Q: 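Structure in structure tokens, see below.
Everything numeric here is computed off the predicted structure, so don't read it as measured data.
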Amino acid sequence: MSYEAIIFDLDNTLLNFEMCERQAILGALEDCAVSLDLNGVSETIFLQVFETYNSKYWRQRDMFSPSELIEMSYRSTLAQLDIQTDKISNLSQSFWQIFNHFGVVEPNVNEVLTVLARNYRLAVITNGFVSAQLPRMQAARIEHFFEEIVVSEAIGFAKPSPEIFHYALSRLNLTPAEVLYVGDSLKHDYTGATQVKIDFCYYNRKNQNLPQEAKPKFMISELLNLLELFN
């Protein structure tokens, strides 16, 4: 292949976001002595309710700080499940302390990055907060593989906005034709990459059926497949 660089999405491409978030949500409850068992609530139910509120509040991230968003999610979840605590602000602080320093990688990430780094320049484009994304990469011990790490909060544009892709290209001093982008989201990664004419490799980690209109250049079900494509 004629690519000079491979740019990766971060969450659910290199890092397993669901596992990291689950650990932080439940770990904060444990840190603050909030017992689900004593309240007759299962972890599954708590996580489902929390995710519902968190998705809703996250759409208002331009209006609230990360700590406020998580505090709102805990407050609403605890209220709905009738769980009493006076430590809601502590829950938010504990959540971010755990989340920002806990990195679970997707299968075979280190092997894939080690091999690809021999022949390609590597970079990351990720939506999120600098205070979370960089420490999580450090916790997972993968940050050293990447020449550039572009975080949406730092530049004021988020995927699928073309601006964040153009910014990454300018930092690498490369053209779209010289880059491959790898990600798990058709909405954010595929749409953004194709808007700026960057070839896209869809990491279809859950083996979902593709919409008829989606036509990624490559599709893989596990990251190891990248080595078959590019080595």
Q: Do you know the tightest heavy-atom contact between D9 and G183?
A: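 That would be CB-CA, 3.8 Å.
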Q: Does the side chain of Y53 reach to within under 4.5 Å of the side chain of M72, using non-hydrogen atoms?
A: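 The answer is no, as the side chains (C-beta and beyond) never meet within the 4.5 Å cut-off.
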Q: Does R22 come within less than 4.0 Å of E43, counting only side-chain N to carboxylate O?
A: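 Answer for the salt bridge query: yes.
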Q: For N207, look at atom CG and say whether over 12 heavy atoms of other residues, nucleotides or ligands are found less than 6.0 Å away.
A: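 Result for CG/N207: enclosed.
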Q: Would a distance-only check, ignoring hydrogens and angles, find a side-chain to backbone donor-acceptor pair under 3.5 Å from T191 to L186?
A: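 The answer is yes, because a donor-acceptor pair under 3.5 Å joins these two groups.
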Q: Nearest heavy-atom pair of L210 and P216: which atoms, and what distance?
A: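 Looking at all heavy atoms of both residues, the shortest contact is CD2-CD, 3.5 Å.
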Q: Got more than 12 heavy atoms from elsewhere within 6.0 Å of CD, Q138?
A: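 Yes, CD of Q138 has more than 12 neighbouring heavy atoms, counting only those of other groups under 6.0 Å.
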Q: Any chance the rings of F129 and W58 have centres within less than 6.0 Å?
A: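 Yes, the ring of F129 comes within the 6.0 Å limit of the ring of W58, centre to centre.
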Q: What is the minimum heavy-atom distance between I7 and I125, and which atoms define it?
A: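 Closest heavy-atom pair between I7 and I125: CG2-CG1, 3.6 Å.
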Q: Answer yes or no: is there a side-chain heavy-atom contact under 4.5 Å between N12 and E18?
A: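 N12 reaches E18 side chain to side chain.
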Q: Is the backbone N or O of E148 less than 3.5 Å from a side-chain atom of R171, with the two atoms forming a donor-acceptor pair by type?
A: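 Checking the backbone N and O of E148 against the side chain of R171, no donor-acceptor pair under 3.5 Å is found.
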Q: Is the shortest side-chain heavy-atom distance between L116 and L227 below 4.5 Å?
A: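 When only atoms from C-beta onward are counted, L227 and L116 do touch, with a gap below 4.5 Å.
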Q: Please tell me if the side chains of I142 and N110 come closer than 4.5 Å, counting only heavy atoms from C-beta onward.
A: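 Contact flag for I142/N110 side chains = yes.
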Q: Taking the six-membered ring for Trp, are F218 and F230 closer than 6.0 Å centroid to centroid?
A: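 Yes, they do, as the ring centres are separated by less than 6.0 Å.
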Q: Checking side chain to side chain donor-acceptor pair (under 3.5 Å) for the pair Y57/S76: CA distance, chi angles, key distance, verdict?
A: CA-CA 10 Å; Y57 294 139; S76 296; 2.6 Å; yes
Q: Treating Q133 as the side-chain partner and N127 as the backbone partner, does any N or O pair qualify as donor plus acceptor under 3.5 Å?
A: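 Yes.
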Q: Side chain of E153, backbone of V130: donor and acceptor closer than 3.5 Å?
A: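 Side chain of E153 to backbone of V130: a pair is present.
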Q: Are any side-chain N or O atoms of T126 and backbone N or O atoms of V151, one a donor and one an acceptor, separated by less than 3.5 Å?
A: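 Here the side-chain-to-backbone pair does not exist.
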Q: Hey, could you give me the SG/CG distance between C201 and L223, rounded to the nearest 0.5 Å?
A: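 It comes to 8.5 Å.
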Q: If only atom types and distance count, is the side chain of E178 paired as donor or acceptor with the main-chain N or O of T175 below 3.5 Å?
A: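 The answer is yes, because a donor-acceptor pair under 3.5 Å joins these two groups.
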Q: For residues K197 and P176, report the shortest heavy-atom separation together with the two atoms involved.
A: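 Heavy atoms of K197 and P176 come nearest at O-CB, 3.5 Å.
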Q: With a 4.5 Å heavy-atom cut-off, do V179 and F165 have their side chains touching?
A: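 Contact flag for V179/F165 side chains = no.
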Q: For the residue pair A28 and S94, what are the closest heavy atoms and their distance?
A: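 Residues A28 and S94, closest heavy atoms: CA-OG, 3.4 Å.
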Q: Which heavy atom of M137 sits nearest a heavy atom of E143, and at what distance?
A: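 Reported closest heavy-atom pair: O-OE1, 3.4 Å.
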Q: Is there a side-chain contact between E51 and I25, using heavy atoms and a 4.5 Å cut-off?
A: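 A side-chain contact exists here, since the closest heavy-atom pair is under 4.5 Å.
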Q: Keeping S92 on the side-chain end and I88 on the backbone end, is there a donor-acceptor pair under 3.5 Å?
A: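 Not at all, since once roles are kept as given, no pair shorter than 3.5 Å links the two residues.
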Q: If only side-chain N and O atoms count, and only distance matters, is there a donor-acceptor pair under 3.5 Å linking Q80 with D82?
A: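 On atom types as modelled, these side chains do not qualify, holding no pair under 3.5 Å.
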Q: Assess the residue pair K159 and D189 against the criterion (side-chain contact (heavy atoms from CB on, under 4.5 Å)); give the C-alpha distance rounded to whole Å, side-chain angles, the decisive distance to 0.1 Å, and a yes or no.
A: CA-CA 7 Å; K159 296 179 294 183; D189 299 320; 2.8 Å; yes
Q: Can you tell me if N204 uses its side chain to pair, donor with acceptor, with the backbone of M219 under 3.5 Å?
A: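 Absent.
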Q: With a 4.5 Å heavy-atom cut-off, do F8 and F146 have their side chains touching?
A: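 Side chain of F8 against side chain of F146, heavy atoms only: contact under 4.5 Å found.
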Q: Apply salt bridge (Lys or Arg N to Asp or Glu O under 4.0 Å) to the pair K206 and D184, showing each step before the final yes or no.
A: CA-CA 9 Å; K206 295 184 178 179; D184 73 298; over 6 Å; no
Q: Would you check if the side chain of Y190 reaches a backbone N or O of K215 as a donor-acceptor pair within less than 3.5 Å?
A: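 At least one qualifying donor-acceptor pair exists.
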Q: Taking the side chain as every heavy atom from C-beta outward, state whether E68 and M63 have any pair of such atoms under 4.5 Å apart.
A: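 No, every pair of side-chain atoms sits at 4.5 Å or beyond.
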Q: Go through Y74 and K87 one step at a time and tell me if the side-chain contact (heavy atoms from CB on, under 4.5 Å) criterion holds.
A: CA-CA 10 Å; Y74 274 115; K87 298 181 178 178; over 6 Å; no
